[in-house]
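Since the model is a prediction, treat every value here as computed from it, not as a measurement. Every number for a ligand or one of its atoms is a count from 1 in the order of the listing. All values below were derived from every heavy atom in this structure, side-chain atoms included, with hydrogens, water molecules and symmetry-related copies excluded.
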Amino acid sequence: MQGLLLRQLRRLGLDRETPPADVAAWQAFLARVDRAYTDFEDERYTRERSMELVTSEMQDLYASVRIEHERLQELITYLGIGLISVDDRCRIRVANPDARQMLGWDEGDFADECVFTRLDVTGADGTPIALDEVVRTGTATRGVDASFLTRTGERLPVAFVLNSVEKDGRVLGAYLVFNDIRQRKQTEAQMRHARELAEQASRSKSEFVATMSHELGTPLNGVIGMLELLSDSDLDSSQHELLGAAKRSARTLAVIVQDVLDFSRLESGQLLLEPRPTDLRTLAHETLEQSRSAAAAKGITLELDWRAGDLPAALADSARLGQVLHNLVSNAVKFTAKGGVTLTIERAREHESLLDVRFAVRDTGPGIKPELQERLFEKFWQEDGSYSRRHGGTGLGLAICKRLVEAMEGRIGALSAPGEGSTFWFEVSLVRVAPQTESAAPEADDDGPLALDGVRVLVVEDTPVNQKITMRLLERLGCDVELACDGREAFASFRAATFDLVLMDCQMPGMDGYETTTVIRGLEGGRSHVPIVALTANTQPSDRERCAAAGMDDFLAKPIQVRELHRVLRRWLVRRAA
Ligand code: ADP
């Protein structure tokens, strides 16, 4: 203050020793003093005001920091999941109440040690998880299912996230967030159990349906076989007509039973494909032949548009591929009143070992409304019940096609518009047959007359209807047939007489066909070998293997197709004799 006064005096040309010379000098001096005082007061006021403002701001800031802190504390406390904060050496800094409650540990329990060691972190598969390593490397671990050791020694199933905290390239620590997943695990186990039960139920249902259709199939085949034999007898024209109607109904019923059987096999995963070298052009012709008379009866055309050029042979399950084709072609013929049906076959793509082939069946039928097209491949779906009454069918055909094509790892679809016909197409990827092993042509069937006069055949069959059919078919060829109704009788007959061939039913009560064959082979002791041909409705590769393992030489699917029977007889009786 004194210094300031002296500076003011000096500015006026005064000092301690030189007082103002006159009144004017005094007045100027006092005016300056007054101004300086006023300035000083102003400044003091401003400073005090700023101080007040700063203090109040500081107080506000402090208050909001306190609120934030409380909120954070609340958040951590009421988070509902466990939160543990650790330092760079994985020592616990904070554990929220949820973490403490879930684990039973207190923050103090871990004192100076790595919290993860105490928690003995173990993955869902039982292997230890080194979380200290995650922290050390400053990385993170997300959504891991694991278990932590609680204070009582139990293992608590948890899902956790561990995030390291880094600053300026230095790891400061990490946050472990975890949740008790006992409930979830329990629900998952219940769901798994429920799914297994549902799958089991579905399998049982499919097995039941498969068994039922199989059981229905046996007498039905008997009916068809008997009707076939009846058509060879002397009948007048009206009896022929009645017989024709009975045959048609029986065949329709057989198709339905076969559809249901196929579908339930596909559903229960029992249907296995048997890829063999296949000539697709022959298959296409054969398929069209099956619908030829139906198309001719309606006066519509049925054509093959072969665009695949010189197609190499490929591995395909010709029976199943033919089934899909036949389904599409027969549907097209069924729904087309005028115009025609064309089957187009072309190469879609070609790779070194694979051949993608596209099949399309185009018709000039009524077409299908766009909104209905999506449902076409659903089981038991038919656009209009009256169609099925008029045309027959189960609504299973396309569902079976879809599943078969998918089993061949292919795709299937339909393009259609009302009034413009429909095109049903599918694409499958077939394995090409290497040229040296190419033997696609089906075994040449010598269709000449088959005469087996005096050839001795033992038929082993327990079902009376099947006995009659098989024996009549063989007798018509001139065979000398002997019947055995079960395995024991077969063995006795075999020991007592000599046979050129044995037809062996596989499923028989008591000693079945497999066991009987094994016993017969034992009796032969390798000194002789009479061909034994299995008769069975189970035609999966595993069934064939079982027949071969029992010592059988060949295989005939039931119901016996005359053509197949002739093929087998030629193979074992005519060619061998030649
Ligand atoms: P279905 O045994 O009834 O023929 P599908 O599964 O083969 O069973 O066919 C289901 C339905 O799809 C048929 O009932 C019919 O409504 C429709 N459909 C199938 N093919 C054709 C087609 N070429 N033209 C018109 N509609 C068709």
For Arg521, side-chain contact (heavy atoms from CB on, under 4.5 Å) partners two or more places apart: Thr517, Glu524, His529, Ile532, Asp553
Atoms in ligand 1 with a heavy atom of Ser422 nearer than 4.0 Å: 24 (N)
Least distance between heavy atoms, Gly367 atom then Ser422 atom: CA-OG, 3.5 Å
Where ligand 1 meets Lys334 - atom numbers and elements under 4.0 angstrom, heavy-atom basis: 1 (P), 2 (O), 4 (O)
Side chain, backbone, both or neither: Phe424 near ligand 1, heavy atoms under 4.0 Å: side chain
Subset of ligand 1 atoms that lie under 4.0 Å from at least one heavy atom of Leu376: 12 (O), 17 (C)
Ile368, Ile400, Asn331: member with heavy atom nearest to atom 7 (O) of ligand 1: Asn331
Donor-acceptor under 3.5 Å (Ser416 side chain, Gly421 main chain): yes
Gln239 side chain to Leu235 backbone, donor-acceptor under 3.5 Å: no
Side chain, backbone, both or neither: the part of Asp363 lying under 4.0 Å from ligand 1 by heavy atom: side chain
Leu398, any N or O under 3.5 Å of ligand 1 N or O: yes
Qualifying residues under ring-ring contact (aromatic ring centres under 6.0 Å, His included), relative to Phe424, sequence neighbours excluded: none
Step-by-step side chain to side chain donor-acceptor pair (under 3.5 Å) determination, Gln258 to Asp262: CA-CA 6 Å; Gln258 191 58 45; Asp262 277 352; 3.3 Å; yes
